[in-house]
Amino acid sequence: MNRKTVKDIDVSGKRVLVRVDFNVPQDEATGEITDDTRIRSVLPTINYLIGNGAKVILCSHLGRPKGKAVDKLRLTPVAERLSHLMGLKVEMATDCIGPEVEKAAARLGEGDILLLENLRFHPEEEQNDPGFAQALAQLADVYVNDAFGTAHRTHASTVGVASYLPAVAGFLMEKEIDIMGRALDEPVRPFTTIIGGAKVSDKLAIIENIVEKADSLLIGGGMASTFLKAEGYEVGRSLVEEDWLDSARKMLQKAKKNAVRLLLPIDVIVAETVDGNALWKAVPVAEVPSQWHIVDIGPKTVALFEDELKRSKTVIWNGPMGVIEIPQFSEGTSAIIRFLSHLDATTIIGGGSTAEAVEKVGLVDKHTHVSTGGGASLKFLEGKTLPGVAVPDLRVLHAVLLQHR
């Protein structure tokens, strides 16, 4: 990673605006945070800043308020959880821009922390509005982006602010880009990629990129139905993206041409209906009942995938193997998670539902890296440049900086 990080600048006595990703899951009824992984993941950056005398201003979004203030999407519960994790008081701002917020930022002492209110309460955030970006920038002297989970968004707080303040990366951003970048560009081989999830259309760009780099490619999840159909199998009432069958066939041919071992399921779990009360069973892929749905990879496929994985030295995984929201259809995913946790290899788990599955099994610390970014990790694995990473290093508009001297 060639970006500058917080270690490359002097933050002592300066107000530092840190873009974090506190878009945490909450209990619908109580609003209680059910998984604080994204909060804990930025603690190294926050601790470094306050340890070096910075005045820390955190900003994040939560949910999709669509440009309006929504009480249940306020960041107060996040401020409380962060206060608990850090053992010190985190002040909560009434908004993310405006005179009152500017006063709160001005009152900060060295080592103090202020959390701004939900950025997406303002439509200008997602519009990357220059005025909104400048209003955020006026709160601080330095900008740190430590929100990998939103790095694929061209928003005011991820891209716009960097036009008005010195911009560097936080430790989480550095870790995400460094680990995944090395795995993709300089993998210790054999290099295996596991791709799952519901749709081929969501992952085809990843497959196109990976098939140029990997030694093996294992395909599961709902998207496997489209590949199986492309191979001539009947898949019952499973979701098949008919418009993507030709693309799936081309990927199969490209993998063969590149000598990439592309493995599809050899058996699957099928169910009469996709719900927790349905009848289900394991069948070979050639024997899927016409009115049933494929909901998971089968035990023979798990064994096949594990046999391939045990030879691997680098593994990147994005997308579950089945309908993990229903416990009996999550076993294929859980089995692969458990197997990888004992593998003598670099194991990288893409964000989103795959990361949630690892967290649920309780094996996060048994993997080399579990990404905090769902959409961002997808774009990164596609080989795309992330807008929040591409902003020029230490780009400065001197007129803005002069206001803070």
Side-chain angles (χ1 to χ4, degrees), residues 1-22 41-61 82 86 88 90-91 93 95-98 101-117 119 125 128 130-151 153-177 386-405:
M1 179 173 175
N2 296 319
R3 284 188 55 79
K4 286 182 167 57
T5 73
V6 289
K7 283 189 174 180
D8 296 311
I9 56 172
D10 178 16
V11 298
S12 178
K14 295 181 180 178
R15 287 174 289 164
V16 181
L17 179 67
V18 188
R19 181 41 160 114
V20 291
D21 183 8
F22 286 164
S41 65
V42 296
L43 292 181
T45 295
I46 298 173
N47 282 322
Y48 176 86
L49 289 171
I50 63 175
N52 283 273
K55 306 168 183 179
V56 180
I57 304 167
L58 305 174
C59 63
S60 177
H61 74 284
L82 181 58
M86 298 205 63
L88 53 84
V90 175
E91 296 293 335
D95 202 340
C96 58
I97 60 171
V101 181
E102 292 171 11
K103 291 176 184 177
R107 289 195 298 266
L108 291 174
E110 294 185 10
D112 288 346
I113 303 175
L114 175 68
L115 175 60
L116 305 184
E117 188 52 277
L119 292 163
E125 158 65 0
N128 191 21
F132 185 76
Q134 188 168 0
L136 286 172
Q138 287 175 347
L139 301 174
D141 307 299
V142 176
Y143 169 71
V144 175
N145 192 343
D146 211 23
F148 178 75
T150 60
R153 305 293 189 190
T154 307
H155 291 172
S157 66
T158 58
V159 174
V161 173
S163 295
Y164 303 101
L165 290 174
V168 297
F171 296 136
L172 174 63
M173 180 73 80
E174 179 186 33
K175 178 182 178 182
E176 293 267 15
I177 299 299
L386 304 180
V389 177
V391 292
D393 293 326
L394 298 174
R395 180 171 57 184
V396 180
L397 289 184
H398 296 286
V400 174
L401 285 182
L402 287 172
Q403 297 179 51
H404 301 298
R405 293 182 179 175

Minimum side-chain heavy-atom gap Ile9-Pro166 below 4.5 Å = no
How long is the span from the CD1 atom in Ile46 to the CE atom in Met86, to the nearest 0.5 Å?
-> 5.5 Å
Please tabulate, one pair per line, all N/O donor-acceptor pairs under 3.5 Å involving side-chain atoms of residues 110-117, not counting sequence neighbours.
unit_1	atom_1	unit_2	atom_2	d
Asp112	OD2	Gly109	N	2.7
Glu117	OE1	Leu75	N	3.0
Glu117	OE2	Arg74	NH1	3.3

Would you say Thr150 and His61 make side-chain contact, with heavy atoms under 4.5 Å?
-> yes
Please list, chain by chain and in numerical order, all residues satisfying side chain to side chain donor-acceptor pair (under 3.5 Å) with Ser60, sequence neighbours excluded.
-> none
Pairwise side-chain contact, Pro387 with Thr158, heavy-atom cut-off 4.5 Å (strictly under) | no
With sequence neighbours left out, the residues meeting ring-ring contact (aromatic ring centres under 6.0 Å, His included) with Phe22 are none
Go through the structure and list residues passing side chain to side chain contact (heavy atoms under 4.5 Å, CB included) with Ala135, not counting sequence neighbours.
-> Ile97
Can any side-chain N or O of Arg15 pair as donor or acceptor with the backbone N or O of Val142 at less than 3.5 Å?
-> no
Main-chain N/O of Ala169 paired to Thr5 side chain as donor or acceptor, under 3.5 Å = no
Residues at least two apart in sequence or cross-chain that pass side chain to side chain contact (heavy atoms under 4.5 Å, CB included) with Asn52, listed by chain then number, are Val11, Tyr48
Between Leu172 and Asp21, does a side chain to side chain contact (heavy atoms under 4.5 Å, CB included) hold up when you go through it step by step?
-> CA-CA 10 Å; Leu172 174 63; Asp21 183 8; over 6 Å; no
Pair Glu91 + Lys55, salt bridge at N-O below 4.0 Å | no
Indicate yes or no: at least one non-hydrogen side-chain atom of Ile57 is less than 4.5 angstrom from one of Val18.
-> no
Take Cys59 and Val20 through the side chain to side chain contact (heavy atoms under 4.5 Å, CB included) test and state the conclusion after the steps.
-> CA-CA 6 Å; Cys59 63; Val20 291; over 6 Å; no
With sequence neighbours excluded, tell me which residues meet side chain to side chain donor-acceptor pair (under 3.5 Å) with Asp95.
-> His122
Taking the side chain as every heavy atom from C-beta outward, state whether Leu139 and Val101 have any atom pair closer than 4.5 Å.
-> yes
Taking the side chain as every heavy atom from C-beta outward, state whether Val6 and Leu49 have any pair of such atoms under 4.5 Å apart.
-> yes
Closest non-hydrogen contact found for Ala140 with Leu165 is O-CD2, 3.4 Å
Do the non-hydrogen side-chain atoms of Leu82 and Leu58 ever get within less than 4.5 Å of each other?
-> yes
When you look at Thr45 and Asp146, which way does the side chain to side chain donor-acceptor pair (under 3.5 Å) test go after all the steps?
-> CA-CA 8 Å; Thr45 295; Asp146 211 23; 2.7 Å; yes
Steps toward side chain to side chain contact (heavy atoms under 4.5 Å, CB included) verdict (Cys96, Phe132) = CA-CA 10 Å; Cys96 58; Phe132 185 76; 3.8 Å; yes
Test Asn145 against Arg19 for side chain to side chain contact (heavy atoms under 4.5 Å, CB included), laying out the working first.
-> CA-CA 5 Å; Asn145 192 343; Arg19 181 41 160 114; 4.1 Å; yes
Of all heavy-atom pairs linking Gly160 and Ala133, the shortest is C-CB, 3.6 Å
May I ask you to test the Ile177-Phe148 pair for a side-chain heavy-atom distance under 4.5 Å?
-> yes
